[in-house]
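Below, chain A is the first sequence line, B the second, and so on; all start at residue 1.
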Amino acid sequence: MKAHLTELLAQAAKSLTQNADFDASNLAIQLERPKNKDHGDFSTNLAMLLAKPLRQNPRAIAESLIQALPTSAYVEKVEIAGAGFINFYLGANAKQAIIGLIAAQGEKFGHNNIGQGRKVQVEFVSANPTGPLHVGHGRGAAVGDCLARLLDANGWAVTREFYYNDAGVQIDNLTHSVQLRCRGITPDDPLWPEAGYRGDYIADVAKAYLNKETIVADDMSVTATGDVEDAESIRAFSVAYLRHEQDLDLRAFQIKFDVFSLESALYTDGKVESTVQSLIASGHTYEQDDALWLRTTDFGDDKDRVMRKTDGGYTYFVPDVAYHVDKWNRGFDRVINEQGADHHSTITRVRAGLQALNVGIPQGWPDYVLHQMVTVMRGGEEVKLSKRAGSYVTLRDLIEEVGCDATRYFLAARRADSQLIFDIDLARAQTNDNPVYYIQYAHARICSVLAQWAGDASSLPTVDLSPLNSAHDAALMQRLSEFPEVVENSATDLAPHTIANYLKDLASDLHSFYNEHKILVEDETTKLARLALVSATQQVLRNGLQLLGVSAPNKM
RNA sequence: GCCCCCGUAGCUCAGUGGAUAGAGCAUCCCCCUCCUAAGGGGAGGGUCACACGUUCGAUUCGUGUCGGGGGCACCA
């Protein structure tokens, strides 16, 4: 419908400007849905945009545009309003058409092929295997998974990837902590190192290690030797144990990854070394103070960065650059890294490293979506501690307390770049305070009506829709027709929260409609038309909830 | 000190160049002889942090100030 109106306007603008020395063909025609119902179904500011080049006042231009507008079977009325807005009022037939479209497309309604099957990788969570996942990882998981679902719905071939650092200082600390626990030393002992991990789960790892258990994680399997002196065995076992813990966290959150990437593999495969050699060959490096530096200031950084430390080891961003070269070589047209905002400083360095290599990677590749911190509240107070992890709230605690659906919804329903307050009491509430239940309830209500009707739903797409002429009918149909635009914009902006907002609005329209109109009425034509409308609504609620990874229950 | 994000109703948050700035909660008032009241309708509540610019038009863009958070190591 939008494309249809855009075409009408383009033709009008063309005929209007053909005598002026101004080319209207490359004019970006903006068509929006007015917030105010009195401003029609669609509105354009085209006349205002043409005011300057044509040197006429906007209202006069609007007048001429309307005169030049080709006739359309869908447009009922066109009006000029305000400073020169042109408002379109659609006929009932145009609005009702959406019901047939939804029925025909089913679970594909709202999807498009903008991605054209191109490869995109979404890297998210990427927690180091040093403990259970916490709320912050949960936010990354909810946002990242939803991004992946959105891109999929927009025609991209999506790979979900989890990268973890299984080498380096943090893992040394982990190994040491487990080893101490094996020897019976606890965190309250004076011998316990400052950098050691203090959570109770470290004791669980130690116990399992001493029992010579075998751990099978999603991407590895390790059996403990039980030898307290064997640091290498402890390291491998601890990493596997905690990776497995994280697998369980992710399973509880219903998130699956296609690929797990290990930092250590970048070293063993020689990818780090070859990246370093390429960087040296690029001429963007130099030696100073016994260290090797990358001149990241050539690419917009505020100071150069050390690549190889005086002790011979590489700094963290070097394997990170190697990892992204690997992503590029794997043929991803697009890469989106979903991370906590505390990793913000890596962006410039990784991109600088990739540009320095000069292998054709576009500037600004890869994309980043950074999420801000999560604060968990219960009973009006901040929750800071958990039994398992000690110093932070774990994702699994949260899922166990409020459920997977509510946790996913709340963590994905806010803009990623805003700080998020997670109110446990609200997320648990089984009342209309809680947007998750509000949306799911709309779906369940429809299911209930359809079940009581007990008719053949496959006959609904072809029924006479003419009884759908009330304001509530129109509002609901309009909302349904917006879904494809929401799915597209949400992916373009990498903003999954707009899906959550849309669903809340859709549920609201459904509840209003439901309250105003009885569906299972005597009059057969009216009944079938309303059933067709709620059936279409049910489909869109499902499709939307699917994008969030939230269930659509038939009963509540 | 420098960099990034945020600052919108009492609270949690949408909106991000356009026409009277929205929702939910909270407060107050209505609606179940009726398909799930986990619902609906209505009222009150805002100098869109502040200032100056750009624009026909700024909550939205730019600069600065003030708040909140995060990052500024040869840690990751």
Side-chain angles (χ1 to χ4, degrees), chain A residues 30 32 34-36 38-39 43-45 48-49 51-52 57-58 81-85 87 126 128 130 164-165 167-171 173 195 263 288-293 301-303 305-317 319-320 340-348 370-373 375 377 380 410 413-423 426 429-442 444-453 472 497-498 500-502 504-505 507-508 510-521 527 530-531 534 555-556:
Chain A
Q30 296 170 33
E32 63 165 30
K35 293 169 210 158
N36 190 329
D38 297 338
H39 298 142
S43 175
T44 184
N45 62 353
M48 282 114 119
L49 295 179
K52 208 161 197 175
N57 89 60
F85 291 98
N87 296 340
S126 294
N128 289 341
T130 54
Y164 63 93
N165 170 289
V169 179
Q170 302 304 329
I171 299 299
N173 288 338
E263 186 193 14
Q288 186 181 303
D289 305 330
D290 294 325
L292 180 67
W293 297 68
D301 204 354
D302 52 358
K303 57 183 172 188
R305 307 290 168 175
V306 168
M307 290 172 58
R308 191 174 56 227
K309 302 182 275 186
T310 43
D311 68 6
Y314 293 114
T315 55
Y316 71 91
F317 87 92
D320 225 357
D342 53 340
H343 288 77
H344 149 261
S345 59
T346 65
I347 297 175
T348 312
L370 302 181
H371 64 261
Q372 297 287 328
M373 294 193 64
T375 306
M377 304 288 282
F410 276 75
R414 301 286 181 235
R415 293 177 47 181
D417 53 13
S418 285
Q419 289 166 40
L420 168 66
I421 295 183
F422 193 111
D423 184 339
L426 179 60
Q430 305 222 339
T431 67
N432 54 351
D433 308 6
N434 190 331
V436 188
Y437 288 103
Y438 184 81
I439 296 164
Q440 291 181 322
Y441 181 48
R445 263 187 156 171
I446 295 169
C447 292
S448 174
V449 172
L450 289 172
Q452 283 173 54
W453 170 55
H472 287 93
H497 73 280
T498 55
N501 290 335
Y502 171 82
K504 216 161 62 171
D505 291 339
S508 172
L510 184 275
H511 288 310
S512 293
F513 165 85
Y514 182 93
N515 225 260
E516 192 66 23
H517 303 297
K518 185 168 166 65
I519 296 160
L520 301 175
V521 290
K527 181 172 78 178
R530 289 180 180 166
L531 283 166
V534 297
K555 260 187 197 169
M556 287 175 74

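Among the heavy atoms of the strands lying under 4.0 Å from A/Asp289 is at least one base atom, whether or not backbone atoms are also near. Within 4.0 Å (heavy atoms only), A/Phe317 reaches no atom of the nucleic acid at all. Looking at heavy-atom distances under 4.0 Å, A/Gln452 makes contact with sugar-phosphate atoms alone, never a base. Here A/Lys527 lies out of heavy-atom contact (under 4.0 Å) with every strand. Residue-level contact check: A/Ala442 touches neither bases nor backbone, having no heavy atom under 4.0 Å from any strand.
At least one side-chain nitrogen or oxygen of A/Ser448 sits closer than 4.0 Å to the OP1 or OP2 atom of B/U36. An OP1 or OP2 oxygen of B/U36 is reached within less than 4.0 angstrom by no side-chain nitrogen or oxygen of A/Lys518. Phosphate contact (OP1/OP2 of B/C6, side-chain N/O of A/Arg415, threshold under 4.0 Å): present. For A/Ser508, no side-chain nitrogen or oxygen approaches OP1 or OP2 of B/A23 to under 4.0 Å. The phosphate of B/A37 (OP1 or OP2) has a side-chain N or O of A/Tyr441 nearer than 4.0 angstrom. Contact check, A/Arg445 against B/A37: a side-chain N or O comes under 4.0 Å of OP1 or OP2.
Between the side chain of A/Thr310 and the base of B/C74, a donor-acceptor pair under 3.5 Å is found.
The A/Ser418 side chain lies nearest to B/C6 when the options are B/G70, B/A76, B/C6. The listed nucleotides are B/G15, B/C35, B/G40; the one nearest the side chain of A/Thr498 is B/G15. For A/Asn45, the listed nucleotide lying nearest its side chain is B/G18; candidates were B/G68, B/C5, B/G18. When distances run from any side-chain atom of A/Met373 to the nucleotides B/G40, B/A19, B/G69, the shortest one goes to B/G69. Of all nucleotides listed (B/A19, B/G41, B/C74), B/C74 comes nearest to the side chain of A/Ala291. With distances taken from any side-chain atom of A/Tyr514 to the nucleotides B/G71, B/U12, B/U36, the minimum falls on B/U36.
Base pairing of B/G1 is made with B/C72, judged by Watson-Crick or G-U wobble geometry with both donor-acceptor distances under 3.5 Å. Nucleotide B/A23 forms a Watson-Crick or G-U wobble pair with B/U12, both donor-acceptor distances falling under 3.5 Å. Within the shown strands, nothing qualifies as a pairing partner of B/C32 under the Watson-Crick or G-U definition with both distances less than 3.5 Å. Using N1 to N3 plus N6-O4 or O6-N4 for Watson-Crick, or N1-O2 and O6-N3 for G-U wobble, each under 3.5 Å, B/A49 pairs with B/U65.
Residue A/Phe85 and nucleotide B/A19 are classified as a stacked aromatic pair, their ring centres being separated by less than 5.5 Å at an interplanar angle below 30°.
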